[in-house]
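Reviewing the structure listed below.
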Amino acid sequence: MTKHNIRTSTIGLSALIFVILASCLGCSPALADKRVALVIGNSAYKSAPKLANPVSDAALIGGMLKKAGFDTVDVRQDLNAPEMRKALREFGARTRDADVAIIYYAGHGLEVDGTNYLIPIDAALDTDTDVYDEALPIDRVLVSIEPAKQLRLVILDACRDNPFAKSMKRTVASRAIGRGLAKVEPTSPNTMIAFAAKAGSTASDGDAKNSPFATALADHLPKPGLDLRKAFGFVRDDVLRSTANKQEPFVYGSLGGDDVPLVPAKPVATGPQANPQSELRRDYELALQLGTRDGWEAFLAQYPDGFYANLAKGQLNKIGAEETRASAEQKAKAAEQEKTKLIAERAQKAEQDKAAAAAKAAEEARIAAEKQKQIEQARAEAAEQQRKVAEAAAAKAQAEKQAAEKARVELAARQAAEKASAEQTAKQTADRQMPEVGSQKVAALAPAPTSNLSAADLAKSMQNELRRVGCLASAVDGEWNSAAQRSLTLFNKYAGTQFDAKLASVDALDALKAKPGRVCPLVCNFGFKADGDQCAKITCRAGYHVGDDNECEKIQEKKPVATREDSRRRDAERKATESSPSKPEASGQIFCSSAGCRPVQKGCRLVNGLIPGRAASNAAAGGSYEVCN
């Protein structure tokens, strides 16, 4: 069977199943209702500054209504007055046999004398009376949705600060031109009118592509089974939160006691559910057999995340490398042909060198692309091998889990039977002894519900919960490693549980989810203190530092203290001074010679007797002479 035949047969089977389901669901009255919508976004005003959001808001709401399953959704942009009247007239014809009718308008609106008007893009509004000719009153919109049988809904994202009100001239001084839109009370039952901002106030376009009001509508209105009144309550909360309580949407009108969802609730599936992994795996294998870029891109559009998505991205990289290689090869051939052409035509040497360089560069690019292709092919093959190993391991784990679960159920059933038999025997004995004693009831043990989570998903869920309760500090990788086991041991310690830390179990996951906040205490290093769920560095003011008790304390000044070593040093210095010879000092003696008298020089002394080498003594000094060291 070829790839085309495989794909055709799969699509045919899917289409057959879809037709069968559609025919079954068509029996439900809720799904048989006809629902129509008109969406208008006016941005390009000719007599006022252009608005940024209405066109993109209309596209967002129109796409949301189409996905919600409306039969017809008419999206119009930048309409003048005749075009708006024609759009309302055509929509009114479609609502005659409709059950639900919705009109969404984004653009400028104006309130004059208590009446709200929608402003087309060609309106000039030079005077206050021009509004009657150039704008459309809200009553014209209500007339268009009046024939709908079950629900009539008008959504006005037109409460902006209107520039026409500031520039138009007043023909009558008493005519009131309000800020925003005026309050509206519908006269028809099952009719609701939703304003982007409460009557008398203005709405904000925000800084994003869509206004806060349109973004909130697209988030909450299409939720299956959600009543419109509650959905608009969620819209109000989102807009208040995103505008810092400056803009409050408001809804006028009322509905009955039954819930009125925009999208019916999804039917609750009964009976055995198909394993989503098996369908994902089947689609992956079909894309693998097809082996084209379109096939893998279609697979990623359906399954953008997860293990198989990563494998599909690897296959796309492989195809991209092959395309790059083929393109490089074509460029190399073209460069070689150009080189041959230049040589044949005897081109200038510079042109030949340039062509040769281009051919060389193209050849190098081709070689690099070829290598990259081989690398990507090896990666894809390794990823495919890893997928097969992972699937085999998952299948083995699932089989072991099912076998263990079957054994546990059989053991529980056997124990229940033994207990029931024992109780029945005891009852018969008691009945023989005391006939009036009531019989005992034997409760059958029901097997515990099993979990559909795989081993990797269970481990990842437990790691996320352990991180939330403050027991896991490492990364969440879906592997039940030593770090995850230590984290579960810490949880057992502080939560008082006794789960086996070596295994990730559903019971342990349920116990973790039951804890509303942190369980394991936050432990900080020295110099840091706990600040909520984080450790913050302790900062002390000048003159203080972090002490041994991890608190700021004043720095004590150190005073000099005499030690035994200092006293020993002083004694040694004193003894050295006493034992050293004294320095010669002046004696105060006077030495006289034939030249006169003077004090004896420092380091010298007087000696009595004859001067060596002379026959007579120094008579002037009393027979003494001076001797110096």
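Bear in mind that the values here come from a model prediction, so they are computed numbers and not experimental data.
In this structure, the side chain of Arg89 does not engage the main chain of Met84 through any donor-acceptor pair within 3.5 Å. The backbone N or O of Ala98 lies less than 3.5 Å from no partner atom in the side chain of Thr95, so there is not a single donor-acceptor pair. When atom types are taken as modelled, the side chain of Asp157 and the backbone of Gly41 share no donor-acceptor pair closer than 3.5 angstrom. Side-chain atoms of Asn42 come within 3.5 Å of backbone N or O of Leu79 as a donor-acceptor pair. Using a distance-only test at 3.5 Å, with no hydrogens or angles considered, a donor-acceptor pair links the side chain of Arg35 to the main chain of Leu262. Within the 3.5 Å criterion, the main-chain N or O of His108 finds a donor-acceptor partner in the side chain of Tyr105. Side chain of Gln377 to main chain of Lys318: no donor-acceptor pair is present (N/O by atom type, distance under 3.5 Å, no hydrogens or angles). Glu248 contributes no side-chain N or O that, together with a main-chain N or O of Ala197, makes up a donor-acceptor pair within less than 3.5 Å.
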Salt bridge (Lys or Arg N to Asp or Glu O under 4.0 Å) evaluation trace for Arg467 with Glu465: CA-CA 5 Å; Arg467 178 182 287 276; Glu465 292 299 324; over 6 Å; no
Test side chain to side chain contact (heavy atoms under 4.5 Å, CB included) applied to Leu255 and Leu151, step by step: CA-CA 8 Å; Leu255 300 177; Leu151 173 64; 3.9 Å; yes
Report the C-alpha separation of Asp113 and Thr115 in whole Å, then their side-chain angles, then the decisive distance to 0.1 Å, and conclude whether the side chain to side chain contact (heavy atoms under 4.5 Å, CB included) test is met. CA-CA 6 Å; Asp113 280 344; Thr115 301; 5.6 Å; no
Can you list the steps and then say if Phe213 with Ile155 is a side chain to side chain contact (heavy atoms under 4.5 Å, CB included)? CA-CA 10 Å; Phe213 183 61; Ile155 304 174; 3.7 Å; yes
Test side chain to side chain contact (heavy atoms under 4.5 Å, CB included) on Phe70 and Ile102; report intermediate values, then the result. CA-CA 10 Å; Phe70 272 62; Ile102 295 179; 3.5 Å; yes
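Ionic pairing of Arg325 and Glu323 is not present here: no N-O contact between side-chain nitrogen and carboxylate oxygen is shorter than 4.0 angstrom. By the 4.0 Å N-to-carboxylate-O rule, Lys373 lies too far from Glu376 to be salt-bridged with it. Ion pairing between Glu285 and Arg282 fails under the 4.0 Å rule for side-chain N and carboxylate O. Using a 4.0 Å cut-off between charged side-chain N and carboxylate O, Asp97 and Lys34 make a salt bridge. Ion pairing of Asp238 with Arg241 is present here, as a side-chain N (NZ or NE/NH1/NH2) and a carboxylate O approach within less than 4.0 Å. Salt-bridge annotation for Asp74 and Arg76: present, with a side-chain N of the basic residue lying under 4.0 Å from a carboxylate O of the acidic one. Ion pairing between a basic and an acidic side chain is recognised when a charged N comes within 4.0 Å of a carboxylate O; Arg366 and Glu329 show no such pairing.
Looking at Gln150 and Asn190, their side chains never bring a donor and an acceptor atom within 3.5 Å of each other. When only modelled atom types and interatomic distance are considered, Asn464 and Ser461 share no side-chain donor-acceptor pair under 3.5 Å.
Between Leu136 and Val141, every side-chain heavy-atom pair lies at or beyond the 4.5 Å cut-off. In this structure the side chain of Thr215 reaches within 4.5 angstrom of the side chain of Asp219, judged on heavy atoms. Put simply, the side chain of Lys67 does not reach to within 4.5 Å of the side chain of Met64, judged on heavy atoms. Two residues are said to be in side-chain contact when any heavy atoms from C-beta on lie closer than 4.5 Å; Leu226 and Pro261 fail this criterion.
Other residues, nucleotides and ligands contribute over 12 non-hydrogen atoms within 6.0 Å of the CZ atom of Arg293. The environment of Lys331 atom NZ is sparse: at most 12 non-hydrogen atoms of other residues, nucleotides or ligands sit within 6.0 angstrom. Residue Lys149 qualifies as enclosed at atom NZ: its count of foreign heavy atoms under 6.0 Å is above 12.
Ring pair Tyr284/Trp296 is tilted by interplanar angle, where 30° to 60° counts as tilted.
Taking the six-membered ring for Trp, Tyr308 and Tyr303 have ring centres at least 6.0 Å apart. In this structure, Phe250 has its ring center closer than 6.0 angstrom to the ring center of Tyr252.
Looking at every heavy atom in both residues, Ala362 comes nearest to Ala332 through CB-CA, 3.6 Å.
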